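To start, the structure under review is shown below, and the notes come after it.
Being a predicted model, the structure only gives us computed values, none of them experimental. Hydrogens, waters and symmetry mates are skipped; everything else that's a heavy atom, side chains included, is used.
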Amino acid sequence: MKIVFLGTTGVQHSLIAAHIYLGQLGSEDFRSLKYYCDLSQESSGFPLFIGDDARGNQVYSLGVGKDLQMGQKTIENFLAILGFSSQDLILRPVSIKAERFLACLGKIPCYLGGTKINLFFSNIILRQELAAIKENVEQFCN
């Protein structure tokens, strides 16, 4: 089975949620996480493979844009058309208060310092939102 944590971006809060789910988040220094704030990976549109859980499920992070519910619904409907079931793929949306602001940070051009600005503010925001992200994961696990 595949488990996909969905967020407005796949390289910020949904990525952190996937690492929490896998028990791989050792500290609040998110910069050590593979793909963290990597906008080139985000712009590819592909799910990011994070790892396998204890049951052998593959865990991914995926950014679906500013309308998280619409992104989730679109994927679910597409899977239904293809004949896949909930035993093939689980979608877990991860929502935080600052998710739209985080998505906007990724739109700042590199030549204006966008990468550094994105990383700086993402670290601050995601540390503040860490409890909400953990709560999202705990609700999924229960």
Side-chain angles (χ1 to χ4, degrees), residues 1-80 82-110 112-142:
M1 175 187 314
K2 295 178 183 356
I3 299 170
V4 181
F5 287 90
L6 301 173
T8 51
T9 73
V11 294
Q12 292 165 320
H13 52 293
S14 60
L15 177 79
I16 292 170
H19 280 283
I20 291 170
Y21 172 77
L22 291 171
Q24 297 176 345
L25 189 68
S27 70
E28 290 185 22
D29 185 10
F30 309 128
R31 293 173 294 169
S32 64
L33 301 177
K34 185 176 182 181
Y35 307 123
Y36 179 67
C37 285
D38 186 343
L39 299 178
S40 65
Q41 292 295 324
E42 179 65 23
S43 65
S44 75
F46 289 104
L48 303 172
F49 178 69
I50 308 304
D52 295 317
D53 69 9
R55 296 182 202 113
N57 299 315
Q58 295 176 330
V59 179
Y60 294 84
S61 175
L62 177 64
V64 294
K66 64 181 178 180
D67 194 341
L68 190 58
Q69 290 177 344
M70 179 61 79
Q72 178 182 2
K73 196 69 158 165
T74 300
I75 295 169
E76 288 172 345
N77 290 338
F78 186 66
L79 291 173
L82 295 176
F84 291 100
S85 73
S86 61
Q87 295 192 0
D88 299 313
L89 178 73
I90 294 176
L91 300 174
R92 178 60 191 169
V94 179
S95 186
I96 59 174
K97 292 178 184 175
E99 62 193 20
R100 289 184 184 228
F101 182 68
L102 289 173
C104 290
L105 286 174
K107 305 286 187 216
I108 301 171
C110 292
L112 293 177
T115 303
K116 290 181 181 179
I117 293 169
N118 183 24
L119 188 58
F120 178 77
F121 284 108
S122 293
N123 285 334
I124 293 169
I125 292 166
L126 292 169
R127 281 189 191 118
Q128 293 174 347
E129 296 279 2
L130 187 58
I133 297 169
K134 286 180 179 178
E135 186 177 318
N136 272 275
V137 175
E138 288 172 6
Q139 289 173 357
F140 172 66
C141 292
N142 293 332

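- In this structure, Ser61 contributes its side chain and Pro47 its backbone to no donor-acceptor pair below 3.5 Å.
- Counting heavy atoms from C-beta outward, Leu105 and Ser122 have side chains that approach closer than 4.5 Å.
- Take Phe140 and apply the ring pair (Phe, Tyr, Trp, His ring centres under 6.0 Å) test, not counting sequence neighbours, and it matches Phe5, Tyr21.
- With sequence neighbours left out, Phe30 forms a ring pair (Phe, Tyr, Trp, His ring centres under 6.0 Å) with Tyr36.
- By the side chain to side chain donor-acceptor pair (under 3.5 Å) test, Arg31 is found to be paired with Asp29, residues two or more places apart in sequence or in another chain being considered.
- Other residues, nucleotides and ligands contribute only 12 or fewer heavy atoms inside 6.0 Å of the CZ atom of Arg100.
- In this structure, Phe120 places its CZ atom where only 12 or fewer heavy-atom neighbours from other residues, nucleotides or ligands lie under 6.0 Å away.
- Under the 3.5 Å distance criterion, the side-chain polar atoms of Asn136 are left unmatched by any main-chain donor or acceptor of Ala17.
- Side-chain polar atoms of Gln12 and Asn118 form a donor-acceptor pair below 3.5 angstrom.
- For the pair Asn123 (side chain) and Leu119 (backbone), a donor-acceptor distance under 3.5 Å is present.
- In this structure, the side chains of Leu102 and Ile125 come closer than 4.5 Å at one or more pairs of heavy atoms.
- Within the structure, every pair that satisfies the side chain to side chain donor-acceptor pair (under 3.5 Å) test and touches residues 40-52, not counting sequence neighbours, is listed here: Asp38-Ser40.
- Crowding of Gln139 atom CD: a count of heavy atoms from other residues, nucleotides or ligands under 6.0 Å exceeding 12.
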Subject >> side chain to side chain contact (heavy atoms under 4.5 Å, CB included) between Ile50 and Leu15, worked out >> reply: CA-CA 8 Å; Ile50 308 304; Leu15 177 79; 3.3 Å; yes

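- Other residues, nucleotides and ligands contribute over 12 non-hydrogen atoms within 6.0 Å of the CE atom of Met1.
- Listed by first then second residue, pairs satisfying side chain to side chain donor-acceptor pair (under 3.5 Å) with a partner in residues 62-72 read Gln72-Glu76, not counting sequence neighbours.
- Of the residues Leu6, Ile133, Leu130, the one that meets the side-chain contact (heavy atoms from CB on, under 4.5 Å) test with His13 is Ile133.
- Partners of Tyr35 under the ring pair (Phe, Tyr, Trp, His ring centres under 6.0 Å) rule, at least two apart in sequence or in another chain, do not exist in this structure.
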**OP:** Tell me, with the steps shown, if Leu79 and Asp88 meet side chain to side chain contact (heavy atoms under 4.5 Å, CB included).
**Re:** CA-CA 9 Å; Leu79 291 173; Asp88 299 313; over 6 Å; no

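- A donor-acceptor pair is defined here as one N or O able to donate and one able to accept, closer than 3.5 Å; no such pair exists between the side chain of Thr8 and the backbone of Ala103.
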